[in-house]
Asks: 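Provided herewith is a single structure, encoded as structure tokens, for subsequent inquiry.
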Amino acid sequence: MADLQAQIEDLWEQRASLTAGDGDALAVVREAIDLLDQGQARVAEVAADGSVVVHQWLKQAILLLFKLSAMETIEVGPFEYADKLPLKRGYQAAGVRVVPGASARWGSFLEPGVIMMPSYVNIGARVGANSMVDTWATVGSCAQIGSNVHLSGGVGIGGVLEPPQAAPVIIEDDAMIGSRCMVVEGARVGQGAFLGAGAILAGSIPVIDAETGEELSRGVVPPWCVAVQASRPRTFPGGEFGLPCLLVIKRLEEGQRHDKAGLNDILRSHGVTM
Ligand SMILES: CC(C)(COP(=O)(O)OP(=O)(O)OC[C@H]1O[C@@H](n2cnc3c(N)ncnc32)[C@H](O)[C@@H]1OP(=O)(O)O)[C@@H](O)C(=O)NCCC(=O)NCCS
């Protein structure tokens, strides 16, 4: 893989002179995207010390793929699309359930047991085992979603490709993201946390402990807590306004599921034995 990384980094340096249809460069890039597609490499991961490690060269590979690919017409029955990248394939063999209307791009990775309701997963993103991507949820490029996560209806997980060093959104295992939440700009939701419906978490949004009033972080929800959308007063020359923040209203025991996070086993049944 080190050799492939060196080749991608080399192509990245020469990117200004690359054009769509450069077969040799495209073959190298496709090798890297196949690693993402098969789950053998990932754009970002959480290290043992809790920090996020971003593998920039894989994001560079994705950006190069766009540069080197030409537009093609793709027809599906009465539907027509125009794009540069193919869609992901082989769901049944991968043990993934994909409801009509859902699509994931080649170069994303879905672990066994994932369910995609009509939703979207972009290139470089990764969704962990038994996670549910509910209706109209979108998982942006390179976002990293853990196992047993529920992304409720209409959730928007932001994508990040440029700049290559920018950290993607990370949703850790067992988290529940309520309907219509938006998590963007490298924000992070800890293991087992529950984000109340309609919450907006960007990298600079303060996360405040309702018990103590302490600002716990910017853009990071700690593990095993329940956080809801709130506002905090801010004084400007023009007056006092409420700016959004997230309020941690409850702490859960480690491993505890909030009673509103009970998932319907029948809806999640796979019919696939792995
Ligand atoms: C966050 C949530 C889990 C809290 O549930 P809970 O622990 O039972 O807490 P409560 O409903 O008692 O609410 C506690 C307080 O937070 C407020 N609150 C609840 N949900 C909120 C939300 N989404 N945003 C802002 N405030 C919220 C309540 O008004 C209440 O305020 P109060 O103490 O002044 O009465 C729940 O309200 C929620 O948002 N669930 C998500 C549902 C969802 O999206 N399901 C997906 C279906 S696919």
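Atoms within a ligand are numbered from 1 in the order they appear, just like the ligands themselves. Just so you know, these numbers use all the heavy atoms, side chains as well, and skip hydrogens, waters and symmetry mates.
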Asks: Counting distance only, does the side-chain N/O of Lys88 pair as donor-acceptor with the main-chain N or O of Ala104 below 3.5 Å?
Replies: no

Asks: Are Arg126 and Glu111 close enough for a salt bridge, meaning some N to O gap below 4.0 Å?
Replies: yes

Asks: Return the closest protein heavy atom for atom 5 (O) of ligand 1 as residue, atom name and distance.
Replies: Lys260 NZ, 3.3 Å

Asks: Just to confirm, does any protein heavy atom lie below 4.0 Å from atom 44 (O) of ligand 1?
Replies: yes

Asks: List the closest protein heavy-atom neighbour of atom 13 (O) of ligand 1: residue, atom name, distance to the nearest 0.1 Å.
Replies: Ile249 CD1, 4.5 Å

Asks: Mind running side-chain contact (heavy atoms from CB on, under 4.5 Å) on Val169 and Ile171 for me, showing each step along the way?
Replies: CA-CA 7 Å; Val169 169; Ile171 310 289; 4.0 Å; yes

Asks: Is atom 28 (C) of ligand 1 near the protein, in the sense that some protein heavy atom lies at less than 4.0 Å from it?
Replies: no

Asks: Provide, to 0.1 Å, the distance between atom 23 (N) of ligand 1 and the closest protein heavy atom, together with that atom's residue and name.
Replies: Ala197 O, 3.0 Å

Asks: Distance-only, no hydrogens or angles: does the Lys250 side chain make a donor-acceptor pair with backbone N or O of Val226 under 3.5 Å?
Replies: no

Asks: For ligand 1, find out whether one of its N or O atoms is nearer than 3.5 Å to an N or O atom of Ser152.
Replies: no

Asks: With a 4.0 Å cut-off on N to O distance, would you call Arg15 and Asp10 a salt bridge?
Replies: no

Asks: When you measure from the side chain of Ser131 to the backbone of Val149, do you find a donor-acceptor pair of N or O atoms at a distance under 3.5 Å?
Replies: yes

Asks: Could you find the nearest protein heavy atom to atom 9 (O) of ligand 1 and give me its residue, atom name and distance?
Replies: Lys250 NZ, 3.4 Å

Asks: Distance below 4.0 Å between atom 31 (O) of ligand 1 and any protein heavy atom?
Replies: no

Asks: Within the side chain of Ser119, is there an N or O that forms a donor-acceptor pair under 3.5 Å with the backbone of Met116?
Replies: no

Asks: Please check if a non-hydrogen protein atom sits closer than 4.0 Å to atom 34 (O) of ligand 1.
Replies: no

Asks: Please write down residue, atom name and distance for the protein heavy atom closest to atom 18 (N) of ligand 1.
Replies: Val228 CG1, 4.2 Å

Asks: Any protein heavy atom at under 4.0 Å, with atom 11 (O) of ligand 1 as the reference point?
Replies: yes

Asks: Between Ser179, Gly154, Gly178, which one has a non-hydrogen atom sitting closest to atom 47 (C) of ligand 1?
Replies: Ser179

